[in-house]
2 protein chains.
Amino acid sequence: MMPLMAHAHTAREKARLLREAERVCAAAGEQFTPLRRQVFELLTQAHAPAKAYDLLAKLGGDAKPPTIYRTLEFLMKLGLVHRIESLNAFVACDVGACGRSTIFLICDRCGHAEEFDAGHALVDLGEAAARDGFEIKRTMIEATGLCAECKAA
Amino acid sequence: MMPLMAHAHTAREKARLLREAERVCAAAGEQFTPLRRQVFELLTQAHAPAKAYDLLAKLGGDAKPPTIYRTLEFLMKLGLVHRIESLNAFVACDVGACGRSTIFLICDRCGHAEEFDAGHALVDLGEAAARDGFEIKRTMIEATGLCAECKAA
DNA sequence: GCACGGTACGTTATCTTGTCACGTAGGATG
DNA sequence: CATCCTACGTGACAAGATAACGTACCGTGC
């Protein structure tokens, strides 16, 4: 199990994510506009899930809420960004790595969020729900606790 | 796998839930005040997850936000109520039935939320995270889709 | 060239959700 | 009976999100 969060520690990593994003966007027949690029970049640089209004502030100028929400919605549609419901915050995610099966491990102390592959757990869940007649479209797993670093400290 | 949501269809069921709640409360050395009882009752009667401000309105009088949030926080602390993050809403839950392992199946169409026992899935998740040094304290799984009734219709 | 339609984005206003800080009433305890 | 704690009230406001409408730009086809 490996952390999949698109958290660019290096310039090379960030460049790779951007290229990936461009590719996904083109494949979907959508435009990777400067605004969308900027928001995605801000997210890849964030050390923790970013709030909508914080991103908005970083856009400079005097952007209004719909701007950031529309952009985030777009990026989520393409699977480039995830929303963390329990935090009302957003993270960039590594394309391809995250199918529909993702888990976020959120550290209560440092705020870091790591994305994991849920593996078989979600398959089981889908099957179990199906036996009850429920058809799952989207699953969200958010686990909070202490990350390795914070536990050590 | 059985629905565990504390959604009282009958007066007898509701009375049972209230007694359970009183018991849990007493066991924790806390008071089950009229306000707390009223909020819990409202939740057991709800046909779907209830929003904080809707509950607030139903309290009658002119209750202010902190009143309902404090009360919900208290009930959550005792494990009598769950918050559904993706909806910003709350449900009563069946005490004892819900340990740490709960999943909500939320119907996109009718809004109904059923609580399920996550079974082994969460155990696996906890172990997998632990191998990475992450210590999970609380896990939240919210799956959206179509319930059996809505799929039929 | 220019009307047409679509996508992206700006702008204003408003609504919903949640919290902070402080005050008070009432019971328990010494 | 002074003190403390818990529960709750109150006013103010911060944070999160959306609705409704306008415009600029870019293509396409006549």
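Values in this document were obtained by computation on a predicted structure and should not be read as measured data. Just so we're on the same page: letters track the sequence lines, and every chain starts at 1.
With a 4.5 Å cut-off on side-chain heavy atoms, Q38(A) and E41(A) do not count as touching. Looking only at side-chain heavy atoms (C-beta outward), I141(B) and F116(B) stay at 4.5 Å or farther from each other. Side-chain contact check for D54(B) versus L42(B): every heavy-atom pair is 4.5 Å or farther apart. At a threshold of 4.5 Å between non-hydrogen side-chain atoms, the residues M140(A) and H82(A) do not count as touching. Using a 4.5 Å cut-off on side-chain heavy atoms (C-beta onward), C93(A) and F104(A) make no contact. In this structure, the side chains of L72(B) and L55(B) come closer than 4.5 Å at one or more pairs of heavy atoms.
Rounded to whole Å, the distance from CG on D62(B) to C1' on dA12(D) is 16 Å. A straight line from CD1 of I68(A) to C1' of dA19(D) spans 18 Å, rounded to a whole angstrom. Regarding L72(A), its CG atom lies at a distance of 15 Å from the P atom of dA8(C), rounded to whole Å. With rounding to whole Å, E73(B) atom CD is found 10 Å from dC20(C) atom P. Atom C1' of nucleotide dC9(C) and atom CZ of R37(A) are separated by 18 Å, given to the nearest angstrom.
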Using atom types as modelled, flag every donor-acceptor pair under 3.5 Å from a side chain in residues 84-92 of chain B to any protein atom, sequence neighbours excluded.
from   : atom 1 : to      : atom 2 : distance (Å)
E85(B) : OE1    : R83(B)  : NE     : 3.2
S86(B) : OG     : E142(B) : OE1    : 2.5
N88(B) : OD1    : R83(B)  : NH2    : 3.4

Side-chain atoms of residues 144-153 of chain B: list all donor-acceptor pairs with protein atoms under 3.5 Å, sequence neighbours left out, distances to 0.1 Å.
from    : atom 1 : to      : atom 2 : distance (Å)
K151(B) : NZ     : G133(A) : O      : 3.2

Quiz item: Reading nucleotides 25-30 of chain C 5' to 3', which nucleotides get B (base under 4.0 Å from a protein heavy atom), which S (sugar-phosphate only), which -?
Solution: ------
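Here R19(A) does not pair with E22(A) in a salt bridge; the nearest charged N to carboxylate O distance is not below 4.0 Å.
Sorted by first and then second residue, the salt bridge (Lys or Arg N to Asp or Glu O under 4.0 Å) pairs involving residues 64-79 of chain A (not counting sequence neighbours) are E30(A)-K77(A).
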Output one line per pair: protein atom, nucleotide atom from nucleotides 6-9 of chain D, and distance, for all N/O pairs under 3.5 Å.
from   : atom 1 : to     : atom 2 : distance (Å)
dA7(D) : OP1    : R36(B) : NH1    : 2.9
dA7(D) : OP1    : R36(B) : NH2    : 3.3
dA7(D) : O5'    : R36(B) : NH2    : 3.4
dC8(D) : OP1    : T33(B) : OG1    : 2.5
dC8(D) : OP2    : R36(B) : NE     : 3.4
dG9(D) : OP2    : T67(B) : OG1    : 3.0
dG9(D) : N7     : R70(B) : NH2    : 2.7
dG9(D) : O6     : R70(B) : NH1    : 3.1

Please list each protein N or O that sits under 3.5 Å from an N or O in nucleotides 14-18 of chain C, with the distance.
from    : atom 1 : to     : atom 2 : distance (Å)
dT17(C) : OP1    : K51(B) : NZ     : 2.6
dG18(C) : OP1    : R83(B) : NH2    : 2.0
dG18(C) : OP1    : N88(B) : OD1    : 3.4
dG18(C) : OP2    : Y69(B) : OH     : 2.8
dG18(C) : O5'    : Y69(B) : OH     : 3.4
dG18(C) : N7     : Y53(B) : OH     : 2.4
dG18(C) : O6     : Y53(B) : OH     : 3.2

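The two residues T139(A) and A143(B) make their nearest non-hydrogen contact at OG1-CB, 3.9 Å.
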